[in-house]
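Shown next, in structure tokens, is the structure this report addresses.
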Amino acid sequence: MDISHINLIETNIKNLWKVADLYRTEVNSKTPYSILDFFPHPSGIGLHVGHTVGYIATDIFARFKRANGYNVLYAMGFDSFGLPAEQFAIQTNQHPEITTHNNINNMLSQLECLSLSHDPSRSFSTTDTDYYKWTQWIFLKIYNSYFNNLTGKAEPIENLYSKLKSKKYTIEDGLLIELENNYSEEEINQLVNSMRLAYLNDVEVNWCPMLGTVLANEEIKNGKSERGNHPVEKRKMKQWMMGITAYADRLYNQLDTLDWPTNIVSMQKNWIGKSEGALITFHSKTGKQYKIFTTKPETLFGVTFIAVANQEDQVEKQIDEVIHPITKETIPVWTANYVIGDYGTGTLMAVPAHDQRDFEFAKQHNINFKPVVRPNYAWLVENALESMPQSQLLNHWKTDPTKFKSAYEGTGPLITPQQFEIFEDISVKNQKKQVRNFIEQKKIGKYVTQHKLRDWLFSRQRYWGEPFPIVFDKAGNAYPIDENQLPVELPQQYDFKPELNQQSPRPPLEKASNWKTVQGIILDNGSVKILNQNEINTYPTNMVQTFTRELNTMPNWAGSCWYYLRYMDPKNDSTFVSKEKLEYWAKDKIGTIDLYVGGAEHAVLHLLYARFWHMVLFDLGYLINPEPFTKLLNPGMMTADAYMDERGVYVDVEDVVVKNQTAIQISTGKPLTIEPGKMGKRYKNGIDPKDMCAKYGVDVFRMHVMYISPVTQSSTWNANIKGMQRFYNSIHQKLQDCIDIEYSKTDDTSQLHKTILSVTEEIVNFRFNTAIAALIKLNNSVEKFSMNDCVIILQLLYPFAPHLAEHLYQQIRSKMNNLPQLIEHLQWPTYDPKLIVETKIKLPVNIDGKIRDVLEIDINTTDDEIKILILQNTKIQKYLQQSYSLQIIRKDKPIIANVTTT
RNA sequence: GCCGUUGUAGCUCAGGGGUAGAGCGCUCCCUUGGUAAGGGCGAGGUCAAGAGUUCAAAUCUCUUCAAUGGCACCA
């Protein structure tokens, strides 16, 4: 088949769909289903074929779902704010607005060629003012709420204010408790501000001089910036924070309600880092307090030193002494390098007998040991350093644990339970409960759930991001901007570059001198209304104040935290998404989106942030589902061969020809070494899907990409697309002939119906490679199809090769009456169970472990009849010279005949 | 160190208690008026290794090995 012919067919079909406005989605009476790809950054270099795996997969699923009678929400917009877009603008020395615009257009044309069935009327970019207006609006909602730990939900901040005013509640360690307070008005205001879910705080931040901005913990990998791999320094700065830690428990526990890949769930759980234990305070003689967190409070009487994180030097030394809260013994305090300042309280109670790191530290610094838990004998035997009689093992352990290889970190009965006032024999599980009672009754400490998760740093010293809807008065107090004045638009500014390598960050917006200061009045609800020149004169001068805008911008995660909601209601200018639309698309579901497809690299960033925003908006009553995404799938990463010349420089794939597994550089004729690498700019091995479509056709390309491997598995780009081309040509030709000749009967209806069954099942389970394999198999085994059956095959083919399917369908439609206008309007075919039932089966005859022949028999043949058939079989007779036993194995039907000679 | 995933033909992957499969690549043949192409025949495997369960194991169970992803002085 001539490629120009195929291109023509595909162009015509695209036009046909465009005219019919096939992809437009409206609320209707069908069952809704929403499919979403991860939000793409419109990068400067555009998409390569690796990116298309997920997109083609969701398109196949969307077409399949629609053909099954669902109303499918499937759209794509662009995450166009943020570092990637801005870095590209800096590198190419153009304004980000221009580069963003160009990049989006470039990407749209790449996506266009793939014929993804996105509803174009639902597309938007995060940089659109009528989009980021709502990003700012959501920020204000978060700013104006707090997390009520008593109800476990976010509430409007006014509720907290009135609670504190009522004097019935106190705030302790950021938690609300029912206890009378005597706060002053000023204290209340301060506490209320500190409890906001978006709050300003002086925090140690990750300052990246080379990027000229601070970064979130999640954006740091191995001490370097994830983007660009630049060094990162700690610095104290006043920054906006998001109180995500308040949601740690819900973020953790609700993971189990989601249909997500286990590795993503475990990554999020790791990141949130839930651990349960006790907070215990040790007092020093000088009155200083050491708050420690322990997951093993039952070892309280085994503490022989307190270890604090080593802040300044790396020298481990004793610095203080504390009193044990029960025994009143004196315990030394040491600085230890193994203690992490950021984790827990940065201080721990060291129990050398029962913690390996404490064990080693104590040995090194000659600190004593106090075993309190009894190990089992197997452990004692295995870990004893010197040989000792078995009866003496436990005594040795009790007196000198250094005679053993390591600390005993397991559980077990306490050696001296009386210390916890336990006097009867109880199980280890009950022992834990008693220890808890003891610690709580004696008020030594309290039981808490601790999380590794930190609050989310939300400020960036960048130009290309959403401005905060916040201003400051002369005293530095923050005020939200009046909701009705949103959006706060970015100033048109051509000096947008951050100042790199500065000692401290200076946000680029500081240079927007006309923008950064405003006149305004404080409204009754506490927000600021900004006034233009004419308005100022209508207010008394003592009401009008000068404010400075917040000069930092939001991180690019902000826009991607809620975009999935906007697809449901993209043009609404009275709310970010209406309840009616939510009720239609997501009623009674766990997640608002049914299926979410995207790479594992966002496991702890976007997927955690988006869940957090969702939960806040859910608590405040704006959303109807407890989670954003019900089912998540990660397409595998695609690698491709990269080519390196003798100097070790990567050569562009365009300049390479591969023959017999040797690579030659076309321009120089020199041999190249081949090695695989992640597809992309770095290895110069990115392949533009547009080129592939032009060269082989969209349908062939789509099927080829899907056939390489299961969607969720990493794969290597296979440049040899010929196999799929052959299949395409072959089935195209075959069906074309069938349509031209108009056969009345199909060769093998059973095979066709088996294919319906298997293609359907494979698509449902997201195994598109095997779905295509089933179609290839059908094509290899059946020659003639009736017109009706041609339609069925085209329907099966449609999700994968939509143009070819539609093209041939239109020919059939012109010959047959009563067919709907487009192939998608047909209901997905069902198989006839009667036609896939086997009547004949193959029965292997196994003689002493070797298959000697295979009989083809009717499925209902009895054992006796089979035995006669075997005895009559000349091929088998020669093996039956000696005596033998014969057995027919059945499972619903005869499976195998086993012959054992003796 | 902890948690997860994967080992099947040279490559990419199906299958999965009952004859070992597909596409590419490779051999050979046919087409020479679609030719930097098309079609056909064929060769290729101890299903990572070992043990167990079973009449029967690539498939189930356990152990080991190897790849790979994530987390990690987490108290």
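Quick note: numbers below take in every heavy atom, side chains included, and nothing from hydrogens, waters or symmetry partners. Chain letters run A, B, ... following the sequence lines, proteins first, then strands; residues in each count from 1. The model shown is predicted, which means the values in this text are computed figures rather than measured ones.
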Report which part of the nucleic acid [X] touches: base, sugar-phosphate, or nothing (heavy-atom distance under 4.0 Å, all strands).
X: A/I776; answer: nothing
X: A/P710; answer: sugar-phosphate
X: A/V351; answer: nothing
X: A/K722; answer: sugar-phosphate
X: A/D355; answer: nothing

Selection from [options] that lies nearest to any side-chain heavy atom of [X]:
X: A/Y707; options: B/G23, B/G4, B/G15; result: B/G23
X: A/S266; options: B/C73, B/C3, B/A14; result: B/C3
X: A/N270; options: B/C74, B/G15, B/G70; result: B/G70
X: A/T262; options: B/A75, B/G4, B/C13; result: B/G4
X: A/K452; options: B/A72, B/A75, B/A14; result: B/A72
X: A/I340; options: B/C74, B/G70, B/A14; result: B/C74

Atom [atom1] of [X] and atom [atom2] of [N]: how far apart are they, to the nearest Å?
X: A/R767; N: B/A14; atom1: CZ; atom2: P; value: 9 Å
X: A/N765; N: B/G15; atom1: CG; atom2: C1'; value: 15 Å
X: A/Q356; N: B/C74; atom1: CD; atom2: P; value: 11 Å
X: A/H704; N: B/G23; atom1: NE2; atom2: P; value: 15 Å
X: A/L608; N: B/G70; atom1: CG; atom2: P; value: 17 Å
X: A/N337; N: B/C74; atom1: CG; atom2: P; value: 14 Å
X: A/Y338; N: B/C73; atom1: OH; atom2: C1'; value: 9 Å
X: A/I772; N: B/U12; atom1: CD1; atom2: P; value: 19 Å

When both hydrogen-bonding distances must be under 3.5 Å and the geometry is Watson-Crick or G-U wobble, what is [N] paired with, if anything?
N: B/G52; answer: B/C60
N: B/A9; answer: none
N: B/G25; answer: none
N: B/C2; answer: B/G70

*So does A/K269 pair up with A/D256, basic N to acidic O under 4.0 Å?*
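A salt bridge links A/K269 with A/D256.
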Taking the same atom, [atom1], in [N] and in [M], what whole-Å distance lies between them?
N: B/G39; M: B/C26; atom1: P; value: 15 Å
N: B/A57; M: B/G17; atom1: C1'; value: 6 Å
N: B/A75; M: B/U68; atom1: P; value: 29 Å
N: B/C62; M: B/A22; atom1: C1'; value: 33 Å
N: B/G23; M: B/U31; atom1: P; value: 24 Å
N: B/U61; M: B/G4; atom1: P; value: 15 Å
N: B/C74; M: B/U6; atom1: P; value: 28 Å
N: B/G10; M: B/U5; atom1: C1'; value: 25 Å

_Conformer about C1'-N of B/G42 - syn within 90° of 0, anti elsewhere_ =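 Here the answer is anti: the torsion falls beyond 90° from 0.
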*Glycosidic conformation of B/G44, syn or anti, with 90° from 0 as the boundary?*
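With its glycosidic angle within 90° of zero, B/G44 counts as syn.
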*Taking it one step at a time, do A/S730 and A/N779 satisfy side-chain hydrogen bond (donor to acceptor under 3.5 Å, both in side chains)?*
CA-CA 8 Å; A/S730 167; A/N779 183 49; 2.9 Å; yes
*asked:* Tell me if the centroids of the rings in A/F282 and A/Y290 come within less than 6.0 Å of each other.
replied: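 No, the ring of A/F282 stays outside the 6.0 Å limit from the ring of A/Y290, centre to centre.
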*Check whether any side-chain N or O of A/R726 sits under 4.0 Å from OP1 or OP2 of B/A37, and answer yes or no.*
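Negative; the distance criterion is not met.
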*Quick one: is the NZ or CZ of A/R436 closer than 6.0 Å to the six-membered ring centre of A/Y447, and within 45° of its axis?*
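So A/R436 does make the cation-pi contact.
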*Which word best sums up how the rings of A/F361 and A/Y338 line up, parallel for under 30°, tilted for 30 to 60°, or perpendicular for over 60°?*
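Aromatic pair A/F361/A/Y338 classed perpendicular.
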*Does A/S275 or A/N780 map to a spot on RNA chain B nearer the 5' end, using the closest nucleotide for each?*
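Result of the comparison: A/N780.
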_Given RNA chain B, 5'-ward residue of the pair A/T347 and A/E762, judged by closest heavy atom_ =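 Counting from the 5' end, the first nearest nucleotide belongs to A/E762.
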*Check each of A/K363, A/Q356, A/Q364 against A/E360 using the side chain to side chain donor-acceptor pair (under 3.5 Å) test, and report the only one that passes.*
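Answer to the side chain to side chain donor-acceptor pair (under 3.5 Å) test with A/E360 among A/K363, A/Q356, A/Q364: A/Q356.
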*Rounded to the nearest 0.5 Å, what separation is found between the CD1 atom of A/I776 and the CZ atom of A/R726?*
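Rounded to the nearest 0.5 Å, the CD1-CZ separation comes to 12.0 Å.
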*Regarding A/N270 and A/K452, is there a side-chain donor-to-acceptor distance under 3.5 Å anywhere?*
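Their side chains do not contain a donor-acceptor pair, so the 3.5 Å distance test is not met.
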